[in-house]
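Notes for the one structure printed next.
Bear in mind that the values here come from a model prediction, so they are computed numbers and not experimental data. Side chains are part of it too, since the values below use all heavy atoms of this structure and drop only hydrogens, waters and symmetry mates.
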Amino acid sequence: MRQSYVAILEQEARFHQSFTTEPWECAWAVEARWFLRVIELDGAFRATPELSPDGLHWCAEPDVGIDIAGPGLHSFAQTGFGPWLRLRCEFSAGPADTLLYVYLSLKG
Amino acid sequence: MASSLTPEAEALRRAIVAADPRLSRFDPLPRILSYCDFDDGPGGWATLIGNHSGDLDEVEPIKRDLRPAQLSACGFFDIGTHGSMDGTYALKLATRADPRSWSTAMKRLTSRELGLVRFETYFTFKAEQTFGGSPEGRGFDGNVSPSEEQFGFFTLMCDVWGGADDRRFLCALRYVNTDKEGTLHRKWMYKLPRLGGSSRDYVAGRLTGDRDDLDALSQDDWADVEDGYSPMCFNETATKINWHYLSWTFDTSTARSVELRVNEHVMDLTRVPVPTSGPWDALNHILNIRIDLHTHLPVRNFLFLDSTLISVDW
């Protein structure tokens, strides 16, 4: 059977500004799916995955990601990533406040 | 009840263990309860969260954000993939780059009988590579890495139902590389026999919610293990890993730690006092083994486990 793992990178955490999640090692995985369970949101942000060869130096994968403008469960898939992933959540101009979970679901 | 193999059967058992390349590096008791090589997944080493009824606001703050362990290829910026001891993946505990951060991994079992339990692992530890020098400690001299002083401590703990009168006891051993003042110690300590850090204590208002130790009421509630000075092979940089053998044996029939071994260094724990409570609802025959990791600095700390083995004498 294939391996799978769900990492909870943020767990009902509140942010008042743009943020990135902790790095997560995913060299073993073939596919990833991000889930954002947004409980509260004042403002809007874009969630963009970032890639790294070493967990220290990062670049965006800008064509993948979603805009989030309200509470609810949001999700997108990602393939062809390297050995490390993290998520950048960048607020638009204006208010910035959210309470959310960030899940990274991996299969390989 | 301890296993009672004949000498011939015991010799055969040892020969079978020695002939298996996965097991021959270990020294298991007669029955292997769990063997994890993390090339096959995380093996049930899950993180901890404090007790709640569905509302995470009920969780004591220090038990709220315990970072889970991840499958790591042990990669570094200067050499690429290091790999594990004889494969690609190890289990990696990783803190945030935050001096309040902890990471945990816990194996949750129950016991069929009372007796000896042994936890073995091959492990190594590192602080994350930093750039631009280290303001905290000594400079780089080509031999000793400043990053060694950026690693805090890791803890082994068991939470067990046992003893002659069904008590709950919690043994905890801590490898203190540095303390919260940044002093390098490289020694083993044990948790003093003081209780009071449970979720029940927090819900009852007996904890203030700002303690600095996940495993004790305070980072001051620890004492030196006799002959516990134990410098390890940090190997000069933040990006070279050398695997160390560790074996910890405790006895659920006497509610005592027995022995800690790191490579050739054997420490007798039979006189170490153990925190003990009376029977505890909902934990009948619990046999939990936990590993946690803490950084004192805004630098991620990592603890890598190549493999783990839990064995018993029943």
Counting only N and O atoms by type, is there a donor-acceptor contact under 3.5 Å from the side chain of T237(B) to the main-chain atoms of K240(B)?
yes

From F76(A) CZ over to L87(A) CG, what is the distance, rounded to the nearest 0.5 angstrom?
5.0 Å

Classify the angle between the aromatic ring planes of H296(B) and H294(B) as parallel (below 30°), tilted (30 to 60°) or perpendicular (above 60°).
perpendicular

R67(B) versus chain A, the contacting section by heavy-atom distance below 4.5 Å
side chain

Please verify the inter-ring angle class for Y122(B) with Y245(B); under 30° counts as parallel, over 60° as perpendicular, anything in between as tilted.
tilted

Heavy-atom contacts under 4.5 Å, residues 2-9 of chain A to chain B:
Q3(A), Y5(A), I8(A), L9(A)

Tell me the salt bridge (charged side-chain N to carboxylate O under 4.0 Å, His left out) pairs involving residues 95-104 of chain A, sequence neighbours left out?
R14(A)-D97(A)

Check the angle between the aromatic planes of F154(B) and F151(B) and answer parallel, tilted or perpendicular using the 30° and 60° thresholds.
perpendicular

Between N143(B) and E236(B): side-chain donor-acceptor atoms closer than 3.5 Å:
yes

Just checking, is any N or O donor in the side chain of T295(B) or S101(B) under 3.5 Å from an acceptor N or O on the other one?
no

At a heavy-atom distance under 4.5 Å, which candidate from I49(B), L71(B), D65(B) has the highest pair count against chain A?
L71(B)

Heavy-atom distance under 4.5 Å to chain A: side chain of A46(B), backbone, both or neither?
neither

Q129(B) versus chain A, the contacting section by heavy-atom distance below 4.5 Å:
both

Is the shortest distance from a Lys or Arg side-chain nitrogen in E90(A) or R46(A) to a carboxylate oxygen in the other one below 4.0 Å?
no

For T239(B), is it the side chain, the backbone, both or neither that has a heavy atom under 4.5 Å from a heavy atom of chain A?
neither

Answer yes or no: is there an ion pair linking R22(B) with D37(B), defined by an N-O contact shorter than 4.0 Å?
no

Most contacts with chain A, counted as non-hydrogen pairs under 4.5 angstrom, among G41(B), A73(B), S72(B), G75(B)
S72(B)

Identify whether the distance between the nearest side-chain nitrogen and carboxylate oxygen of R174(B) and D213(B) falls below 4.0 Å.
yes

Going by an N to O cut-off under 4.0 Å, is there a salt bridge joining R211(B) and D201(B)?
no

Side chains of E31(A) and Q78(A), donor plus acceptor under 3.5 Å:
no

Select all residues of residues 78-94 of chain B having any heavy atom within less than 4.5 Å of some heavy atom of chain A, and report them by number, or 'none'.
Y89(B), K92(B)

What class does the angle between the rings of F125(B) and Y175(B) fall in, given that below 30° is parallel, 30 to 60° is tilted and above 60° is perpendicular?
tilted

Taking heavy atoms only and a threshold strictly under 4.5 Å, list by residue number the residues of residues 52-62 of chain B that touch chain A; give 'none' if the list is empty.
L56(B), D57(B)

I'd like to know if E12(A) and R37(A) make a salt bridge, using a cut-off of under 4.0 Å between side-chain N and carboxylate O.
no

May I ask you to check if K126(B) and F234(B) form a cation-pi contact, with NZ or CZ under 6.0 angstrom from the six-membered ring centre and within 45° of the axis?
yes

With chain B, which of P53(A), P83(A), P23(A), C26(A) has the greatest number of heavy-atom pairs at distances under 4.5 Å?
P23(A)

